[in-house]
A.B. asks: 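Below is the structure I would like to discuss, written out as structure tokens.
Keep in mind that this is a model prediction, so the values were computed, not measured. Below, chain A is the first sequence line, B the second, and so on; all start at residue 1.
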Amino acid sequence: MSSKVRVRFAPSPTGYLHVGGARTALFNWVFARKHGGTFVLRIEDTDIARNTDEAMQAIFDGMRWLGLDWDEGPHAGGQCGPYFQSQRGAIYERYAQKLVEGGKAYTDEAGALRFRLPRQPLAFDDLVCGHIEIDRSKSQSRDGSPEADMTIRRADGGWIFHFVNVVDDIEMGITHVVRGEDHLSNTPKHIELYQALGVEPPQFGHIPLILNKDGSKMSKRDQGAAVGSYIEGGYAPEAVVNYIALLGWSPKDDSEKLSVDELIARFDFSGVNRKGAHFDLEKCNWLNAQYLMHLPMDRYLALALPWLEKAGITGDDATLTPVLALVREKVKFLTELPDWIGFFFTEEYPFLPDAEEKLRKPGALDRIAQLAEAYRAIEPWDSATLEVKLKELAATHGVKAAEFVHPARTAVSGKTVGPSLYHMLEVLGRERVLKRFARATQTFAG
RNA sequence: GACCCUAUCGUCCAGUGGCCUAGGACAUCGCCCUUUCACGGCGAGAACACGGGUUCGAAUCCCGUUAGGGUCACCA
């Protein structure tokens with residue numbers, strides 16, 4: 001890269017942050033980070049009627065959650081502000097004036113300002129699609145008439161996307177325009193605008209779209225379409241970033257799990273696919289579980305904390321960490337956490353129906369009594385010792401270990417499903433285990 | 001309708017003329033591990049859209065067809 005890389009993500013706050021948009025933002029961000037460039041966030045809010053504050057917030061929240069910090073833009077500031085198109089009217093006016101003075105734009109009968117399309121054959125090299133040649137003189141509208149001149153300002157004074165987009169990219173010194181493939185066909189018009197303005201166009205890179213698994217277009221209601229659904233669904237951001245990076249980009253070997261740093265190190269437009277990708281939530285879920293299992297414990301704790309607080313589970317890191325470590329290989333989504341570990345934090349844990357059934361089985365309470373006796377003075381209180389002792393006991397009574405395991409598990413947790421029994425007992429501690437054995441016995445005796 | 005992009009297992013990718021009887025991952029199925037649930041391990045099934053070329057040789061290059069997607073707005 002000869003000049004310093006400046007890229008941007010330019011969403012319009014009209015709905016929610018779409019995974020496709022998030023991926024576009026990610027590729028821009030990664031590219032900027034890789035080349036020590038600048039990542040700009042610009043809000044394209046020229047259509048006042050369709051903008052909402054919620055959508056704006058969703059963009060900020062989603063980007064922050066994904067870790068895509070912007071160097072210039074709302075909140076971050078920068079030399080090229082304001083970063084809201086709604087506040088850049090004077091700049092657009094200046095550029096429009098230039099066009100009009102050059103005879104390249106005119107006001108039509110309806111009062112809208114239009115750019116006189118040159119309609120010349122045109123070629124450009126796309127970072128991902130390669131060399132593209134288009135004979136613009138052949139373009140026609142749906143009805144077969146020649147393509148109409150592009151409107152750049154509405155009769156009501158509102159600015160139109162194509163124009164302001166180009167003007168801002170010029171004003172903000174954008175060197176690489178990386179965006180969705182839906183703009184590939186618009187690019188010639190944009191280039192004509194650059195030329196009319198006497199500015200060298202930037203490099204373009206068009207990323208293929210993300211489709212539903214069945215190939216249909218992804219819309220708001222489709223599962224996984226909104227970045228917010230991952231935030232709410234208990235995903236680890238690194239997993240989502242990893243997944244969407246892999247959707248349309250390949251590291252070229254068989255790597256599946258890639259950290260952000262690896263992404264930055266290995267990303268290149270030559271690795272970006274030209275084919276639209278079908279979204280597969282199953283694989284995203286798998287990746288999420290992988291991250292949840294292998295993230296550093298302090299990071300895992302940080303991700304878990306909000307979900308625990310929401311469920312009323314509190315404790316210092318030292319008490320929370322061992323409990324989380326116990327279940328994290330079983331947890332698919334952070335949202336499940338309270339269900340997995342709730343019983344660690346109350347002595348009033350409920351006995352679920354299938355657990356109750358196990359404890360009502362003939363002999364179950366006897367086993368608990370025997371185990372309680374055996375555990376009363378056992379030393380040391382650790383999983384290995386507890387396991388040996390339980391198996392010894394089972395052998396003494398001539399029964400399978402399961403005869404003791406199941407009653408013990410259900411007695412201390414109220415559930416038939418949970419972490420490894422011995423580790424769970426170790427973390428619970430002798431005192432609580434014995435108390436819980438007693439509670440279960442009391443509850444189901446007679 | 002015009003123009004543009006695309007076309008390898010159900011899905012995401014690898015494959016850039018011989019190493020391909022096409023590789024990995026998710027999902028599916030089977031087996032193993034196991035106190036539950038998971039994790040994990042092993043294995044199976046599963047694809048080069050079709051038709052023409054080019055070439056000694058094509059998933060890979062060219063053309064056509066078909067299919068999918070996109071753009072042609074006073075939306076972004």
A.B. asks: Could you please name the option among B/C26, B/U71, B/A73 that lies closest to any side-chain atom of A/Ala148?
C.D. replies: B/A73
A.B. asks: Report which part of the nucleic acid A/Leu421 touches: base, sugar-phosphate, or nothing (heavy-atom distance under 4.0 Å, all strands).
C.D. replies: base
A.B. asks: Just N and O in the side chain of A/Arg274: are any of them under 4.0 Å from OP1 or OP2 of B/U6?
C.D. replies: yes
A.B. asks: Only pairs with both distances under 3.5 Å count, Watson-Crick or wobble alike; so what is the partner of B/G18 in this structure?
C.D. replies: B/C56
A.B. asks: Mind checking whether A/Glu356 and A/Phe444 have side chains closer than 4.5 Å, heavy atoms only?
C.D. replies: yes
A.B. asks: Can you check the distance between B/G15 and B/C61, where both ends of the measurement are the P atom (answer in whole Å)?
C.D. replies: 12 Å
A.B. asks: Quick check on B/A25: is either OP1 or OP2 less than 4.0 Å from any side-chain nitrogen or oxygen of A/Lys283?
C.D. replies: no
A.B. asks: Could you tell me whether A/Arg153 and A/Glu93 make a salt bridge, using a distance below 4.0 angstrom between a side-chain N and a carboxylate O?
C.D. replies: yes
A.B. asks: Is the count of non-hydrogen atoms from other residues, nucleotides or ligands lying under 6.0 Å from A/Glu357 atom CD greater than 12?
C.D. replies: no
A.B. asks: Ignoring hydrogens and geometry beyond distance, is the side chain of A/Arg409 in donor-acceptor contact with the base of B/U35 at under 3.5 Å?
C.D. replies: yes
A.B. asks: Please name the nucleotide paired to B/G30 by Watson-Crick or G-U wobble geometry with both distances under 3.5 Å, or report none.
C.D. replies: B/C42
A.B. asks: Rounding to the closest angstrom, what is the interatomic distance between B/C19 and B/A58 at atom C1'?
C.D. replies: 15 Å
A.B. asks: Could you give the CD-to-C1' distance, from A/Gln223 to B/U11, as a whole number of Å?
C.D. replies: 15 Å
A.B. asks: Counting N and O atoms only, with roles assigned by atom type, does the side chain of A/Arg116 sit under 3.5 Å from a partner on the main chain of A/Asp149, one being a donor and the other an acceptor?
C.D. replies: no
A.B. asks: Take A/Asp143 and A/Lys252, find for each the nucleotide of RNA chain B with the closest heavy atom, and name the residue whose nucleotide sits nearer the 5' end.
C.D. replies: A/Asp143
A.B. asks: Under a plain distance cut-off of 3.5 Å, with no hydrogens placed, do A/Gln85 and A/Arg88 share a side-chain donor-acceptor pair?
C.D. replies: no
A.B. asks: Using atom C1' of each nucleotide, how far apart are B/U35 and B/A44 to the nearest Å?
C.D. replies: 30 Å
A.B. asks: Are OP1 or OP2 of B/G40 and a side-chain N or O of A/Gln290 less than 4.0 angstrom apart?
C.D. replies: yes
A.B. asks: Atom CG of A/Asp280 to atom C1' of B/A25: distance rounded to whole Å?
C.D. replies: 10 Å
A.B. asks: State the pairing partner of B/G1; accept Watson-Crick or G-U wobble contacts with both distances under 3.5 Å, and report none otherwise.
C.D. replies: B/C72
A.B. asks: At under 4.0 Å between heavy atoms, what does A/Glu44 touch on the DNA or RNA strands: base, sugar-phosphate, or nothing?
C.D. replies: sugar-phosphate
A.B. asks: Could you tell me whether A/Arg266 and A/Asp253 have a side-chain N and a carboxylate O separated by less than 4.0 Å?
C.D. replies: yes
A.B. asks: Please classify the nucleic acid contact of A/Pro419 as base, sugar-phosphate, or nothing, using heavy-atom distances under 4.0 Å.
C.D. replies: base
A.B. asks: Suppose you measure atom C1' in B/C48 against the same atom in B/A59; what distance do you get, rounded to whole Å?
C.D. replies: 4 Å
A.B. asks: Side chain of A/Asp254 only, please: which of B/G23, B/C12, B/A27 is the nearest?
C.D. replies: B/G23
A.B. asks: B/U36 C1' sits how many Å from A/Leu425 CG, rounded?
C.D. replies: 13 Å
A.B. asks: Just checking A/Gly180: base, sugar-phosphate only, or nothing, at a heavy-atom cut-off of under 4.0 Å?
C.D. replies: nothing
A.B. asks: For atom P, what is the distance between B/U54 and B/C62, given to the nearest Å?
C.D. replies: 15 Å
A.B. asks: How would you label the contact of A/Glu336 with the nucleic acid (heavy atoms, under 4.0 Å): base, sugar-phosphate, or nothing?
C.D. replies: nothing
A.B. asks: In whole Å, what separates the P atom of B/G30 from that of B/C37?
C.D. replies: 15 Å
A.B. asks: Scan A/Gly144 against the nucleic acid and name what it touches under 4.0 Å (heavy atoms): base, sugar-phosphate only, or nothing.
C.D. replies: nothing
A.B. asks: Would you indicate which nucleotide in B/A27, B/C74, B/A73 comes nearest to any side-chain atom of A/Ser141?
C.D. replies: B/A73
A.B. asks: Measure from the side-chain heavy atoms of A/Ala277 and tell me the nearest of B/C74, B/C13, B/C4.
C.D. replies: B/C13
A.B. asks: Is the glycosidic angle of B/C4 within 90° of 0, making it syn, or outside that range, making it anti?
C.D. replies: anti
A.B. asks: For A/Glu256, which contact category applies under a 4.0 Å heavy-atom criterion: base, sugar-phosphate, or nothing?
C.D. replies: base
A.B. asks: Write down the atom of A/Leu17, the atom of A/Ile59, and the distance for their closest heavy-atom approach.
C.D. replies: CD2-O, 4.1 Å
A.B. asks: Under 4.0 Å from OP1 or OP2 of B/C3: is there any side-chain N or O of A/Arg136 that close?
C.D. replies: no
A.B. asks: Quick one: does A/Lys330 reach the base of B/C37 with a side-chain donor-acceptor pair under 3.5 Å?
C.D. replies: yes
A.B. asks: Side chain of A/Leu184, heavy atoms from C-beta onward: which of B/U71, B/C4, B/C75 has the nearest atom to it?
C.D. replies: B/C4
A.B. asks: Of the listed nucleotides (B/C3, B/C39, B/C72), which one gets closest to any side-chain atom of A/Met293?
C.D. replies: B/C39
A.B. asks: Determine the Euclidean distance between corresponding P atoms of B/C39 and B/G45; express it in Å to zero decimal places.
C.D. replies: 23 Å
A.B. asks: If you check every side-chain atom of A/Leu209, which of B/G70, B/U35, B/G24 has the closest atom?
C.D. replies: B/G70
A.B. asks: Under 4.0 Å: is that the gap between some side-chain N or O of A/Lys275 and OP1 or OP2 of B/U8?
C.D. replies: yes
A.B. asks: For A/Leu247 and B/C12, give me the distance from atom CG to atom C1', rounded to whole Å.
C.D. replies: 7 Å
A.B. asks: Heavy atoms under 4.0 Å, any strand shown: does A/Ser12 hit a base, just sugar-phosphate, or nothing?
C.D. replies: sugar-phosphate
A.B. asks: If only side-chain N and O atoms of A/Lys332 are considered, is one of them under 4.0 Å from the OP1 or OP2 phosphate oxygen of B/C39?
C.D. replies: yes
A.B. asks: Tell me which nucleotide among B/C74, B/C13, B/A76 gets nearest to the side chain of A/Asp47.
C.D. replies: B/A76
A.B. asks: Answer yes or no: is there a donor N or O on one side and an acceptor on the other, between the side chain of A/Arg328 and the main chain of A/Leu295, under 3.5 Å?
C.D. replies: yes
A.B. asks: Could you check which of B/U35, B/A27, B/C12 has an atom nearest any side-chain atom of A/Lys391?
C.D. replies: B/U35
A.B. asks: Taking for each residue the nucleotide of RNA chain B bearing the nearest heavy atom, is the 5' side occupied by A/Phe279 or by A/Asn186?
C.D. replies: A/Phe279
A.B. asks: Does B/U66 have a Watson-Crick or wobble mate here (both distances under 3.5 Å), and if so which one?
C.D. replies: B/A7
A.B. asks: Please work out if A/His183 contacts a base, only the sugar-phosphate, or nothing of the nucleic acid, heavy-atom cut-off 4.0 Å.
C.D. replies: base
A.B. asks: Classify the nucleic acid contact of A/Thr46 as base, sugar-phosphate or nothing, counting any heavy atom under 4.0 Å across all strands shown.
C.D. replies: sugar-phosphate
A.B. asks: Remember a base hit wins even if backbone is also touched, and classify A/Asn273 as base, sugar-phosphate or nothing at under 4.0 Å, heavy atoms.
C.D. replies: sugar-phosphate
A.B. asks: Pick the P atom in B/U66 and in B/A47, then give their distance to the nearest Å.
C.D. replies: 26 Å
A.B. asks: Looking only at side-chain N and O atoms, does A/Arg154 come under 4.0 Å of OP1 or OP2 in B/A76?
C.D. replies: yes
A.B. asks: Indicate yes or no: does A/Lys415 engage A/Asp339 in a salt bridge with an N to O separation below 4.0 Å.
C.D. replies: no
A.B. asks: Scan A/Ala408 against the nucleic acid and name what it touches under 4.0 Å (heavy atoms): base, sugar-phosphate only, or nothing.
C.D. replies: nothing
A.B. asks: Pick base, sugar-phosphate or nothing for A/Ser250, based on heavy-atom distances below 4.0 Å to the nucleic acid.
C.D. replies: sugar-phosphate
A.B. asks: Tell which nucleotide pairs with B/C48, taking only Watson-Crick or G-U wobble pairs whose two distances are both under 3.5 angstrom.
C.D. replies: none
A.B. asks: For A/Thr151 and B/C74, is the shortest distance between a side-chain N/O and OP1 or OP2 below 4.0 Å?
C.D. replies: yes
A.B. asks: Tell me whether A/Arg432 contacts the main-chain N or O of A/Leu425 through its side chain, where contact means a donor paired with an acceptor under 3.5 Å.
C.D. replies: no
A.B. asks: Side chain of A/Val417 only, heavy atoms from C-beta on: which candidate in B/U35, B/C37, B/G1 is closest?
C.D. replies: B/C37
A.B. asks: Once you round it to whole Å, what is the distance between P of B/G15 and CG of A/Asp253?
C.D. replies: 10 Å
